Every structure is written in C-alpha cells, then in structure tokens.
J.: 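Pasting a structure below so you can have a look.
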Number of protein chains: 2
Amino acid sequence: MKRTVLLYGITGGLLIAGLKFIEYRFLVVEHSLEIYGGLVALVFSAVGLWLGRRLTRPAETGLAAVAGAAPASSGEPFVLDGARLQQLGITPREREILELIAAGLSNQEIADRLFVTQNTVKTHASRVFEKLNARRRTQAVRIAKAERLIP
Amino acid sequence: MKRTVLLYGITGGLLIAGLKFIEYRFLVVEHSLEIYGGLVALVFSAVGLWLGRRLTRPAETGLAAVAGAAPASSGEPFVLDGARLQQLGITPREREILELIAAGLSNQEIADRLFVTQNTVKTHASRVFEKLNARRRTQAVRIAKAERLIP
DNA sequence: CGCAAATTCGTTCTTTCGGGTGACGCGCAA
DNA sequence: TTGCGCGTCACCCGAAAGAACGAATTTGCG
C-alpha cells in the first residue's frame, strides 16, 4: 500500500513535469492555463481509472507458469507430478503434511493425526513453504495444486 | 452509472472553475502554475481512482445468475453457484474476500488491495468462516471450492 | 422517508503461524 | 567408518489470524 502510494506520487510528479515541459514548449498561448489544467485532469483521471482497475484485481503469484496438459476429464484423475516433486526436493513426509494442510487442518490436528509433535509438523511445513516459495499455508496450497503435487 | 458520469463531468467542471478562481484571486505568484497543476492532478487522480474502483466492482453484483460467459476453455469452466451463495447468506463482498484468501493473500494484503483496513477484512473473513462452518482459512477455501463458490 | 442489509472500522484478547536455531537418531551410500 | 538425507523434537519470538464484542455509515428497497 505504501509502495503503491509512493509509486503513484512519483508517477504524478513525472507526469506533471512532462506536462509542464510540453506546456512551456508548445502551448505558450493566451489560454494555455485551461489547456494545461484540462490535460492534467484528463491524464490523471485516466491514470486513476487505470490504477483503480488494476489494483482491485487479484494478480497471479507464486511459480505459476507450468503450462502442463490439462486432464480434461470429468472426474478428477489427479496424477501426482513426481518429477516436479523431485525438482523441488520435496520429501514424501513433507508432501503428506502439505496435503493435510490443504485439507484445512491446523498444525496441532496434523500432529495428532500423524502421531508426532506440533514442532515436527511446523518443521516440515516450513521446509515445504520454503521449497514452494510460499509464505502462508493458503499460498502453499494454491501453488501445490497448480503444480499437481496434491489433488 | 449515467448519473455517475454526469456527476463526474459536472464536478470536474466546477473544480476546474473553482481552481481557476482561486488561481486568479490568491495564487497570482511566480510558481502558481505548479500549484494549480498539482491541485488539479490531485483531485482528479483521487476522483479517477474512486471512479475506477466503483466501475470495476459491479461486474458481479446482483443476485444469483451471474454465471457469466465461460472464459477460455481449460477443462474447468467454473460456474458460480449463486443459489448456494444465497443459501449460505454470503454477500458479494464476503465472497470477494474468500477468493483473495484462496489466492493465498494475507489479511493485510487483501486490505491493501481492496482499500480497506485489516479490521474490515477480518470481519468479512470471520463471517464467511462462520457461514461456511470453517475455523481456519485453509478449511474455508477447501469448503468454498467444493461448494463452487470460488474457482 | 424509514428499515434492513451490507459494508466499514475499532478494540481487546487468545490462538495459531512462521522463522530461526540447534540437536538427535536412523538408514544408506561412498 | 564417515557423510548425508530424512524424520523427529525443542525452544524462543514476532507476526498473523481469529473470536468477540460494539458501532458508524452506506445502500437497496418498499
């Protein structure tokens, strides 16, 4: 947010500078003020509109990419991408934790289910997040699904 | 919509007139042009931003229906279950938050993107969780996907 | 206009997450 | 035998998330 505002301000400054430049060069006429104001208003309206449109839309994050052939079947085959797993260096246990995370379980619940402590679950989770380049479990789930690591 | 545009035009005209008035009356100094331009830019960018947000939102208002044209075909059309939404009493805004949660964003990131505070996001999230009978966001995402409330 | 729903924002408090670090045991391969 | 990957566990700490209130404001609709 702060970054956004900052960028916005900078852009605004540049635009004003640009407009002033144009102003001084080509529009040195009697009613240049109106033209100037109109231009500024127009440009900034457009920028504001564009910005508003842009900021209110979710952007893709994570390692997306990965075109991959779609299964295109009605059901849900789900073939685990073992190669990708190896590429990312994700161990079976880590993948298991990932799956339970995707199931909406808390770390404690996962720990209970796998008969380990919460600490262990957290360790696995942290490693998976790192390997998936995710910062939150929701993000990790999203990426993992996209990468076909979990159903 | 029409009213909005009309109001926008009128407001713009009045603002320009007002600014010019102020300009001629109180800011007849050397660098008045910059001040004038800055004011116009500021006001119009704000209005533009507001307008942009406003115009991009109604893309999904209204009850049920929506469904919308199927985007590109990628084996997953996703038709939003408007009936289910109503059944659960989930509002458009709440569903929007749900979608961003599913995208792996944190509450703060969602807040920044929607130009609201984190408190608001948390409120919406809590309500959605309650309506979905979920305790964690990962769980909510899972349920929402199963119910076809989000892609 | 008035009502109900929706949206927004606030505060306080508890729980959960996530990062960081270090450590131990086991099995397997060099 | 030693090194390494894997799984396990512990502790601390800050940040995020969530519950549980209350409340102002906007908006859609009769």
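Letters A, B, ... mirror the listed sequences (proteins, then strands); counts begin at 1. The model shown is predicted, which means the values in this text are computed figures rather than measured ones.
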J.: When the distance from CD of E94(B) to C1' of dA5(C) is rounded to whole Å, what number comes out?
T.: 11 Å
J.: The criterion is salt bridge (Lys or Arg N to Asp or Glu O under 4.0 Å); which residues satisfy it with E147(B), sequence neighbours excluded?
T.: R84(B)
J.: Taking all non-hydrogen atoms of both residues, which atom of I150(A) and which atom of V141(A) are closest, and how far apart?
T.: CD1-O, 4.1 Å
J.: Take atom CD of E130(A) as the centre, draw a 6.0 Å sphere, and report whether it contains more than 12 heavy atoms from other residues, nucleotides or ligands.
T.: no
J.: Show, in sequence, the C-alpha distance, side-chain angles and deciding distance for L149(B) and I143(B), and conclude whether the side chain to side chain contact (heavy atoms under 4.5 Å, CB included) test is met.
T.: CA-CA 9 Å; L149(B) 306 180; I143(B) 297 175; over 6 Å; no
J.: Evaluate V121(B) against I101(B) for side chain to side chain contact (heavy atoms under 4.5 Å, CB included), listing each step before the verdict.
T.: CA-CA 10 Å; V121(B) 174; I101(B) 286 178; over 6 Å; no
J.: Looking for any heavy atom pair under 4.0 Å, which part of the strands does T120(A) touch: base, sugar-phosphate only, or nothing?
T.: base
J.: Hey, are the side chains of T91(B) and L85(B) touching, using non-hydrogen atoms and a 4.5 Å cut-off?
T.: no
J.: If you look at every heavy atom in G104(A) and T138(B), which pair is closest and at what distance?
T.: CA-OG1, 3.4 Å
J.: Is there a donor-acceptor pair under 3.5 Å between the side chain of E99(A) and the backbone N or O of E96(A)?
T.: no
J.: Taking CD1 from I90(A) and C1' from dC6(D), how many angstroms apart are they, rounded to a whole number?
T.: 14 Å
J.: Whole angstroms only, please: what is the CD-P distance between E130(A) and dG18(C)?
T.: 14 Å
J.: Is any side-chain heavy atom of I97(A) closer than 4.5 Å to one of T120(A)?
T.: no
J.: Grab the CD-P distance between Q139(B) and dA19(D) for me, whole Å please.
T.: 11 Å
J.: Summarise how protein sits on nucleotides 11-18 of chain D as a single string, 5' to 3': B when a protein heavy atom is under 4.0 Å from the base, S for sugar-phosphate-only contact, - for no contact.
T.: B-----BB
J.: Please report, rounded to the nearest Å, how far the C1' atom of dT26(D) is from the CZ atom of R93(B).
T.: 13 Å
J.: If you compare every side-chain N and O of H124(A) against the phosphate oxygens of dG7(D) (OP1, OP2), does one of them come in below 4.0 Å?
T.: no
J.: Where each residue is assigned the nucleotide of DNA chain C containing its nearest heavy atom, which of T123(B) and G89(B) is assigned the position nearer the 5′ end?
T.: G89(B)
J.: Do any side-chain atoms of residues 122-129 of chain B form donor-acceptor pairs under 3.5 angstrom with protein atoms, and if so which ones, sequence neighbours left out?
T.:
unit_1  : atom_1 : unit_2  : atom_2 : d
T123(B) : OG1    : N119(B) : O      : 2.9
S126(B) : OG     : K122(B) : O      : 3.1

J.: To the nearest Å, how far apart are L114(A) CG and dG7(D) P?
T.: 12 Å
J.: Distance check needed: dT8(D) P versus F115(A) CZ, whole Å only.
T.: 12 Å
J.: Please state how far atom CG in L85(A) lies from atom P in dG5(D), giving the value in whole angstrom units.
T.: 18 Å
J.: Ignoring backbone atoms, test whether T91(A) places a side-chain nitrogen or oxygen under 4.0 Å from the OP1 or OP2 oxygen of dG7(D).
T.: yes
J.: When you check every protein heavy atom under 4.0 Å of nucleotides 23-30 of chain C, what one-letter string (B, S, -) results, 5' to 3'?
T.: --------
J.: Is a donor on one side and an acceptor on the other found under 3.5 Å between the side chain of Q139(A) and the backbone of R135(A)?
T.: yes
J.: Please round to 10 degrees the angle between the axis of the first five pairs and the axis of the last five pairs in the helix from dC1(C)-dG30(D) to dA30(C)-dT1(D).
T.: 50°
J.: Side-chain polar contacts of residues 105-116 of chain A - donor-acceptor pairs under 3.5 angstrom, sequence neighbours left out - could you list them?
T.:
unit_1  : atom_1 : unit_2  : atom_2 : d
S106(A) : OG     : E109(A) : N      : 3.2
N107(A) : OD1    : R137(A) : NH2    : 2.3
Q108(A) : NE2    : D112(A) : OD1    : 3.1
E109(A) : OE1    : S106(A) : N      : 2.9
E109(A) : OE1    : R136(B) : NH2    : 2.9
E109(A) : OE2    : R136(B) : NH2    : 3.1

